[in-house]
Amino acid sequence: MIDVSSPSLHRLPDQLRPNLRLVFVGTAASTRSAELGHYYAHPGNRFWRAIHDAGITPRRYQPGEFATLIELGIGFTDLSKSGAGMDHQIAAEAIDVPGFRAKIETYRPRTIAFTSKKAASLFYGSPSSRISLGRQPRDGWVAEVFVLPSPSGAASGHWTLEPWRELAEWIACER
């Protein structure tokens, strides 16, 4: 078992640049992702299959290829860049919503997609039960916001590809 609080544990770098068409936003790296240095790296995670099956990417990428998606206009970040593990393992003080907002305001992607209701609830400061999946009401912020069901294998009971397809349709129209 890896100590998720260890300062030596590798963290995932942001994959951001100005004007991306889409940025995926998680709560924090999973333990496996932190170990390997790749986003959504656990074999049970549906992320890579979902973005292909929904039509967001032209082929199924592997976790180790995450950095190449920036050439497709797709970036990655997390609300916590210092924590790793399952959402309930991330210390509240490791969540940096103001830092995340500053990144988005700096890089100004057209769309952001939270890859769990938990990440969205932390961003909005609202319980997960009040967060709906799919495109969120426009509130004048710099980016369109989508909330997706968690692709984690631990969240299997709430899995549906439909919000991912809605996101794919939206970004296809935004090109």
Side-chain angles (χ1 to χ4, degrees), residues 2 4 9-17 19-81 83-90 100 103-104 107 109-123 128 131 133-136 143-175:
I2 191 165
V4 296
L9 185 64
H10 183 271
R11 301 293 181 237
L12 295 175
D14 285 334
Q15 291 293 302
L16 299 171
R17 70 176 184 203
N19 304 311
L20 290 169
R21 67 186 179 112
L22 174 61
V23 172
F24 286 106
V25 183
T27 304
S30 70
T31 303
R32 182 76 173 152
S33 290
E35 288 172 347
L36 296 176
H38 308 314
Y39 282 87
Y40 306 100
H42 191 281
N45 195 297
R46 296 177 191 85
F47 179 84
W48 298 102
R49 183 174 60 237
I51 63 173
H52 174 65
D53 290 351
I56 295 169
T57 59
R59 67 174 177 86
R60 186 169 172 184
Y61 287 79
Q62 297 300 311
E65 298 177 285
F66 76 92
T68 65
L69 270 69
I70 205 151
E71 298 308 319
L72 299 176
I74 298 172
F76 296 90
T77 191
D78 294 301
L79 296 178
S80 172
K81 298 309 284 183
M86 296 181 75
D87 285 353
H88 71 274
Q89 296 173 310
I90 308 303
F100 165 73
K103 287 180 209 177
I104 298 304
Y107 292 104
R110 292 194 297 266
T111 304
I112 63 168
F114 290 104
T115 57
S116 71
K117 288 177 77 173
K118 176 64 175 181
S121 74
L122 292 166
F123 172 73
S128 295
I131 305 290
L133 294 174
R135 187 171 170 214
Q136 302 301 297
E144 290 291 334
V145 178
F146 279 75
V147 176
L148 306 171
S150 173
S152 169
S156 294
H158 303 285
W159 178 251
T160 175
L161 190 60
E162 290 311 309
W164 295 79
R165 287 184 176 132
E166 179 187 356
L167 172 62
E169 290 171 14
W170 172 260
I171 63 171
C173 292
E174 288 293 296
R175 286 186 181 174

Leu79 to Phe114 - nearest heavy-atom pair and separation:
CD2-CE2, 4.4 Å
Beyond-backbone contact of Leu148 with Phe24, side-chain heavy atoms, under 4.5 angstrom:
yes
Any side-chain heavy atom of Thr115 sitting closer than 4.5 Å to one from Tyr39?
no
Phe66 and Pro13 have their tightest heavy-atom pair at CZ-CG, 4.5 Å
Check whether any side-chain heavy atom of Phe123 lies under 4.5 Å from a side-chain heavy atom of Val25, and answer yes or no.
no
Between atom CG of Asp53 and atom CZ of Arg46, what is the distance when rounded to the nearest 0.5 Å?
11.5 Å
Start with the C-alpha distance between Phe100 and Leu122, add both sets of side-chain angles, then the distance that settles side-chain contact (heavy atoms from CB on, under 4.5 Å), and finish with yes or no.
CA-CA 11 Å; Phe100 165 73; Leu122 292 166; over 6 Å; no
Heavy-atom distance under 4.5 Å between the side chains of Pro149 and Pro163, does that happen here?
yes
Got a second to check how far Leu36's CG is from Thr31's OG1, nearest 0.5 Å?
11.0 Å
Quick check: closest heavy atoms across His38 and Leu12, and the distance to 0.1 Å?
N-CD2, 3.3 Å
Measure across Pro151 and Trp159 and return the closest heavy-atom pair with its distance rounded to 0.1 Å.
CA-CZ3, 3.6 Å
dist Leu16:CG -> Lys103:NZ (nearest 0.5 Å) comes out at 6.5 Å
Between Leu69 and Phe76, is any pair of side-chain heavy atoms under 4.5 Å apart?
yes
With a 4.5 Å heavy-atom cut-off, do Arg21 and Thr111 have their side chains touching?
no
Ion pair present between Glu144 and Arg135, side-chain N to carboxylate O less than 4.0 angstrom?
yes
Is Arg49 positioned over the aromatic face of Phe47, cation under 6.0 angstrom from the ring centre and no more than 45 degrees off axis?
no
Flag the pair Tyr107 / Val23 as yes when at least one side-chain heavy-atom distance between them is below 4.5 Å, and no otherwise.
no
Is the backbone N or O of Leu22 less than 3.5 Å from a side-chain atom of Arg110, with the two atoms forming a donor-acceptor pair by type?
no
What closest approach, in Å, do Ala54 and Arg165 show between heavy atoms, and which atom pair accounts for it?
CB-N, 3.8 Å
Would you call Glu65 and Arg60 a salt bridge, using N to O less than 4.0 angstrom?
no
When rounded to the nearest 0.5 angstrom, what distance separates CD1 in Ile171 from CD1 in Ile56?
5.0 Å
Would you mind reporting whether Tyr61 and Leu72 have side-chain heavy atoms less than 4.5 Å apart?
yes
Straight-line distance of His42 NE2 to Ser152 OG, nearest 0.5 Å
8.0 Å
If you round to the nearest 0.5 Å, how far is CG of Leu20 from CD1 of Ile104?
9.0 Å
Heavy-atom closest contact (Ser116 atom, Thr27 atom, distance)
OG-OG1, 3.7 Å
